[in-house]
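Data first, discussion second: the structure below is written as C-alpha cells.
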Amino acid sequence: MVDGVKEVCKKKWRAVRCCYDFSANFFQKPTPVQIVGESRARELEQSAQSARLALQAWWANNARDLPWRNESTTPWGVLVCEVMSQQTQMSRVVPYWNAWMAQWPDAAALAQADKADVIRAWGRLGYPRRALRLQECAQQVAAQYDDRLPSDYDELLALPGIGDYTASAVLSFAFGKRVAVIDTNIRRVLSRAFLGIESLGGSCTPLERALAWVVLPKAAGESAVWNQAVMELGAIVCTAKQPLCEQCPLRAQCAFVKAGMPGLGERRTRPRQKFAGTDRQVRGKIMQALRALPTGQTLQYKDAQKLCDDAAQLDRCIASLDEDGLIEIVNGHDMRLPA
DNA sequence: ATCCCGGTGT
DNA sequence: ACACCCGGAT
C-alpha cells in the first residue's frame, strides 16, 4: 500500500472511530444515546429543545457581523475561513479572509497560485504550514472534485489540513448537514450547560462527543444555527475564565450555574509549548524576514544569523522549514520562499 | 503526547 | 508572564 493511501486510511479510521453515529452499525460501537444513557438522553433532548429557542433569539441579536456570514459565501470560502480560524482569533482572520478570497475566489485559483504568494498572503496569521496545506487541498479539490468541495465527511477528512473540526464545520455551515461540530468553545458550553461541569481540555472525551450529538437539533437546518450559536456563545459570553452569565440566554437552565459553578475555569490545559526561545519563535522570525523580501530574492545565511543567537537552533529551524516546504535552500545555506 | 505561530486579553 | 484562540499532523 502506497504511503498516500495509508495516510488516508489512518485518517478515515480515526474518523469513524470518532463518529459513532456513522460507524455504530458496522463497528458495533455504542451510539451517543447509549453512551449518555437512555433516560439521561431523553432529559437532555428536552432541555436542549428549550435551549435552542433561547439560543436562536440570542443569535439573531448578538451574532458578530463577520464577512463570511453571508449568503453568497461559497463552501470553499467557508473552508478557507475555518482553516484560517484554527487556533487564530476571528477578528484577526477577517482582513486576511477578505484579501484571500478576493485574490483566489475558488480552489482552482488557489491551486495555480505561486507558493511564495500563498505564504506571503498568509502573512502573520501564524502556523504557515496551514497555508501550504490549504493550497494542497485546493489542488486536490480542483483536480479530483472538479473544483467543487465534496460534501462527504470522509472525503473532506482525507483532504490536507482538514481534521474532524474543519470537516464537520464545512458540512454544517456550508452544506447545512446535520453534524455535531466540536471545538473547545462548544465543548465548554455544552459541558457547562447540560452536564454542569467544566470541560477539562485535552482530547475530546466520548461523553463530550456523545453529548454534542444528543443535544443537536433533529432538523438539519436548525442544527447549523445551533452549532454557530453555541460556538458564538462560547466565544462571547460563556468564556473560559470570566463567563458573562448575566448576558447568557441559557442562564435559567444552566446546569453549571445550578451546581454553583464548581471549579470555574479549571482546565487541565493541554501542555502547550512555551514560545520565547523556542524553535517556533525562530522559525517565525525567519519566515517574517523572507516574507518581507521581494519575490525571488534570497535571505543570506549571515543575515539569518542575526535572528538567532544559537547557531545549532538556527540550523535546525532552517532544516525543518525546508522539510515543511516553507523555504528553499539556495547556494548551500541561503534561503528563499519556494517557487 | 508534541510540535507548530502570532496577536490579544488578563 | 500566562492562557487563550471556532486544530491538524505526526
Side-chain angles (χ1 to χ4, degrees), chain A residues 3-4 6-8 10-11 14-15 18 63-64 66 68-69 78-97 119 122-134 136-137 156-174 179-190 199 201-204 212 224 226-236 238-244 265-288 291 316-317 320-321 323-326:
Chain A
D3 282 11
K6 214 185 294 181
E7 287 312 305
V8 170
K10 269 166 62 180
K11 275 180 102 170
R14 190 181 63 193
C18 287
R64 287 173 292 186
L66 299 169
W68 47 85
R69 289 178 180 168
V78 172
L79 173 64
V80 171
C81 161
E82 296 303 335
V83 172
M84 286 183 170
S85 301
Q86 293 164 2
Q87 298 293 284
T88 306
Q89 297 91 325
M90 308 300 288
S91 58
R92 285 205 302 132
V93 168
V94 170
Y96 286 97
W97 186 84
I119 293 170
W122 198 257
R124 308 184 73 94
L125 272 176
Y127 297 112
R129 290 187 299 195
R130 290 183 295 171
L132 295 186
R133 296 203 174 111
L134 184 58
E136 293 167 20
C137 176
L156 285 169
L157 202 71
L159 292 167
I162 299 185
D164 173 70
Y165 165 77
T166 306
S168 301
V170 167
L171 288 179
S172 179
F173 305 149
V179 177
V181 177
I182 299 174
D183 74 326
T184 54
N185 274 333
I186 289 186
R187 287 171 59 193
R188 180 175 60 250
V189 173
L190 297 184
S199 173
S203 49
C204 184
W226 169 267
N227 285 324
Q228 289 268 27
V230 174
M231 212 181 305
E232 190 85 341
L233 191 70
I236 297 177
C238 194
T239 55
K241 287 187 170 176
Q242 293 181 321
L244 306 173
E266 186 178 311
R267 194 166 162 68
R268 183 171 48 68
T269 176
R270 181 172 54 173
R272 273 180 206 286
Q273 194 191 23
K274 300 281 186 250
F275 182 63
T278 62
D279 289 3
R280 287 162 55 205
Q281 185 183 35
V282 175
R283 283 169 54 108
K285 283 181 179 176
I286 295 170
M287 293 308 296
Q288 186 178 352
R291 284 195 307 264
R316 187 169 66 243
C317 290
S320 72
L321 287 170
E323 294 254 333
D324 287 344
L326 284 163

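Numbered from 1 within each chain, the chains take letters A, B, ... in sequence-line order. What you see below is based on every heavy atom in this structure, not just the backbone, and it leaves out hydrogens, waters and symmetry mates.
Picking from C/dC4, B/dG6, C/dC5 the nucleotide with the shortest atom distance to the side chain of A/Arg188 gives C/dC5. Among the nucleotides C/dC4, B/dC4, B/dG6, the one closest to any side-chain atom of A/Arg283 is B/dC4. Closest contact between the side chain of A/Arg291 and the listed nucleotides B/dC4, C/dC5, B/dG6 involves B/dG6.
Proximity of A/Tyr96 to A/Met84: side-chain heavy atoms (C-beta onward) are separated by under 4.5 Å at one or more points. Side-chain atoms of A/Leu66 and A/Trp97, non-hydrogen and from C-beta on, never get closer than 4.5 Å to each other.
For the OP1/OP2 pair of C/dG7 and a distance below 4.0 Å, the side-chain nitrogens and oxygens of A/Thr184 include at least one atom meeting the criterion. Between C/dG8 and A/Thr166, a contact under 4.0 Å exists linking OP1 or OP2 to a side-chain N or O. For C/dC5, the OP1/OP2 oxygens have no side-chain nitrogen or oxygen of A/Gln89 closer than 4.0 Å. The shortest distance between the side-chain N/O atoms of A/Arg133 and the OP1/OP2 oxygens of B/dC4 is not below 4.0 Å.
Atom P of B/dC5 sits at a distance of 23 Å from the matching atom of C/dA1, rounded to the whole Å. Rounded to the nearest Å, the gap between the P atom of B/dG7 and that of C/dG8 is 22 Å.
Toward the 5′ end of DNA chain C lies the nearest nucleotide of A/Lys241, the other residue of the pair A/Lys241 and A/Ala167 mapping further downstream. If you find the closest nucleotide of DNA chain B to A/Gln242 and to A/Pro128, the one lying nearer the 5' end belongs to A/Pro128.
Without hydrogens or angle criteria, A/Asp183 side chain to A/Met231 main chain gives no donor-acceptor distance under 3.5 Å. In this structure, A/Arg130 contributes its side chain and A/Gly161 its backbone to no donor-acceptor pair below 3.5 Å. The backbone N or O of A/Arg64 lies less than 3.5 Å from a partner atom in the side chain of A/Glu232, making a donor-acceptor pair.
The nearest whole Å value for the distance from the CG atom in A/Leu157 to the P atom in C/dA9 is 7 Å. Rounded to whole Å, atom C1' of B/dG6 lies 15 Å from atom CD of A/Gln86. Across the protein-nucleic acid pair, A/Ile286 atom CD1 and B/dC4 atom C1' stand 14 Å apart, rounded to whole Å. Summarising the geometry, the separation between CG on A/Asp324 and P on B/dT2 is reported as 19 Å, rounded to the nearest angstrom.
Contact annotation: side chain of A/Arg92 to base of B/dG6, donor-acceptor pair present below 3.5 Å.
Among the atoms of the strands shown, only primed sugar atoms or phosphate atoms (P, OP1, OP2) are found under 4.0 Å from some heavy atom of A/Leu326. Contacts of A/Arg316 with the nucleic acid, taken as non-hydrogen atoms under 4.0 Å apart, are absent. No engagement by A/Arg187 is indicated, since no non-hydrogen atom pair under 4.0 Å with the nucleic acid exists.
Base pairing analysis places B/dG7 opposite C/dC4; the two distances defining the Watson-Crick or G-U wobble pair are each below 3.5 Å. In this structure, C/dT10 forms a base pair with B/dA1, meeting either the Watson-Crick or the G-U wobble geometry with both donor-acceptor distances under 3.5 Å.
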